[in-house]
Number of protein chains: 2
Amino acid sequence: MRQGEKSVGMFFLTSGRLRMQRVTPDGGMVTLHVVRPGETFAEASLFADSYQCDIIAESDAAVWLYPKVDLTRRLRENPDSLWELTSGLARSLHGMRLRYELKQIRSAPERVLQYLRLRDDGTGVYHASGTLKEMATELGLTHEALYRALATLERQKRIRRNGGDLQIMSNRRNDPFQTPDSAD
Amino acid sequence: MRQGEKSVGMFFLTSGRLRMQRVTPDGGMVTLHVVRPGETFAEASLFADSYQCDIIAESDAAVWLYPKVDLTRRLRENPDSLWELTSGLARSLHGMRLRYELKQIRSAPERVLQYLRLRDDGTGVYHASGTLKEMATELGLTHEALYRALATLERQKRIRRNGGDLQIMSNRRNDPFQTPDSAD
DNA sequence: CGTCACATTGATGCCTCTCAAAGCTTGTGG
DNA sequence: CCACAAGCTTTGAGAGGCATCAATGTGACG
């Protein structure tokens, strides 16, 4: 899909990887977003007439297309479906903010720990879905850095490892009544 | 606002800075998002009954509140307003993705250059709104790093500086004339 | 049993952060 | 108009940490 083309609709990526990029006025190339499986993209095409970026498949990829006219009509006619789209966007936005904030953390061990905390469902155990290498790219680290970070955290007894499972060691002292404090 | 409280609605920050954070099951603290002026936040409150995070004001701050019940009713009754909300979310999501991708760039000079390219309206000139220090925080760099990056880029003749203005030097082949509108 | 991908650890270098100091700009008050 | 203060800008020196390159270990699968 090319910059300036008429927008045909919204997409959902089922497999592969896409790169959304833009050619800037000075001739440079800017990557706007890397799409990963399970993501919808080009939502803005519903509100604009043309795409403002190129989309390149970095590997064989499969997508669902929601044709603009159909989707628009459906959304207009059926408020519930629009409500659902909105809720999905809000969720995506929230997820994006989480990832952004995670990336603000420079220290690899800290970043990994926060990542695990975000996924903590209360059990404190995180079963790595997929390989650690994938987790590394998700975290924006090289796999070596991730391995070292995990080793460091384990050495500091802040996590425990068991095969593919990662368990956060509670840093809550024996006082179950802990007041969150704001100071920074 | 505290974790688990009943959600009262969506907000818009007019001034100040807020930090959204969550206490994780193990007692740790995770920053989910830092809200800056001009941003809406807690959009998810429209779809959930309670907040899943604390919101702390890091300075005196002023917000608009869109009460949940009012807003929900209005959105239900008036599809156009819902459509507008949706479009705003899509825009926010896009902006977030841009910032995320920018942060993927480790090299300070490269990141600065991409930042300028993103704001290039065709003229190639970017007038720094506010101070360079602000631009630095927006870029996720220390101000020293930004100054050095700018100096480096200027030394490499990739940008030109003129007071508060920054101009991207075209990296298209040797155009003696800078044609803002270059067609290939 | 060989191959391939993941996992792990070591050594090195570069780059950004940090701390520090000096120049520069702006506004305020005497 | 000048003096002073406060904040932005710029450059320097040093340190720490992640990326990179490299080598070895480990597990799955044919």
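So that the names make sense, note that chain A is the first sequence line, chain B the second, and so on, each numbered from 1.
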Q.
Is a donor from one side chain sitting under 3.5 angstrom from an acceptor on the other, for B/His33 and B/Glu39?
A. yes
**Q.** B/Arg111 versus B/Gln114, side-chain donor and acceptor atoms under 3.5 Å
**A.** no
Q. So what does B/Arg161 hit on the nucleic acid, given a heavy-atom distance under 4.0 Å: a base, only sugar-phosphate, or nothing?
A. sugar-phosphate
Q) Of all the choices, D/dC18, D/dT10, D/dC8, which nucleotide is nearest to the side chain of B/Arg106 once you look at every atom? A) D/dC18
Q) Rounded to the Å, how far apart are A/Leu150 CG and C/dT9 C1'? A) 14 Å
(Q) I want to verify a distance call: between D/dC21, C/dA7, D/dC18, whose nearest atom is closest to the A/Glu144 side chain? (A) D/dC21
**Q.** Distance in angstrom units between A/Arg155 CZ and C/dT8 C1', rounded
**A.** 12 Å
Q: Please state how far atom OH in A/Tyr147 lies from atom P in C/dG10, giving the value in whole angstrom units.
A: 15 Å
Q | Length of the line joining B/Leu146:CG and C/dT18:P, which is rounded to integer Å | A | 15 Å
Q | NZ or CZ of B/Arg99 within 45° of A/Tyr100 ring axis and under 6.0 Å | A | yes
Q | Whole-Å distance separating the CD atom of B/Glu110 from the C1' atom of C/dT16 | A | 15 Å
(Q) What is the separation between atom NE2 on B/His143 and atom C1' on C/dT18, rounded to the nearest whole Å? (A) 10 Å
(Q) Side-chain N or O of A/Thr142 versus OP1/OP2 of D/dA19: is the shortest distance under 4.0 Å? (A) yes
(Q) Does a side-chain N or O of A/Thr131 approach OP1 or OP2 of C/dC6 to a distance below 4.0 Å, or not? (A) no
Q. Between C/dT8, D/dC18, D/dT9, which nucleotide gets closest to the side-chain atoms of A/Ala108?
A. D/dC18
Q) B/Thr14 side chain to B/Ala62 main-chain N or O, any donor-acceptor pair under 3.5 Å? A) yes
Q. Whole-Å distance between D/dT9 P and B/Asn162 CG?
A. 15 Å
Q: Figure out the CG/C1' separation between A/Leu132 and C/dT9, and round it to whole Å.
A: 15 Å
Q | Side chain of A/Ala145 - closest among C/dC17, C/dC6, D/dA19 | A | D/dA19
Q. Could one point to a donor on the side chain of A/Arg148 or the base of C/dG10 with an acceptor on the other under 3.5 Å away?
A. yes
Q: Kindly assign one of parallel, tilted or perpendicular to the pair A/Phe11 and A/Phe41, based on the angle between their ring planes and the thresholds 30° and 60°.
A: parallel
Q | Residue A/Lys133, side-chain atoms from C-beta onward, closest of C/dC6, C/dT9, C/dC17 | A | C/dC6
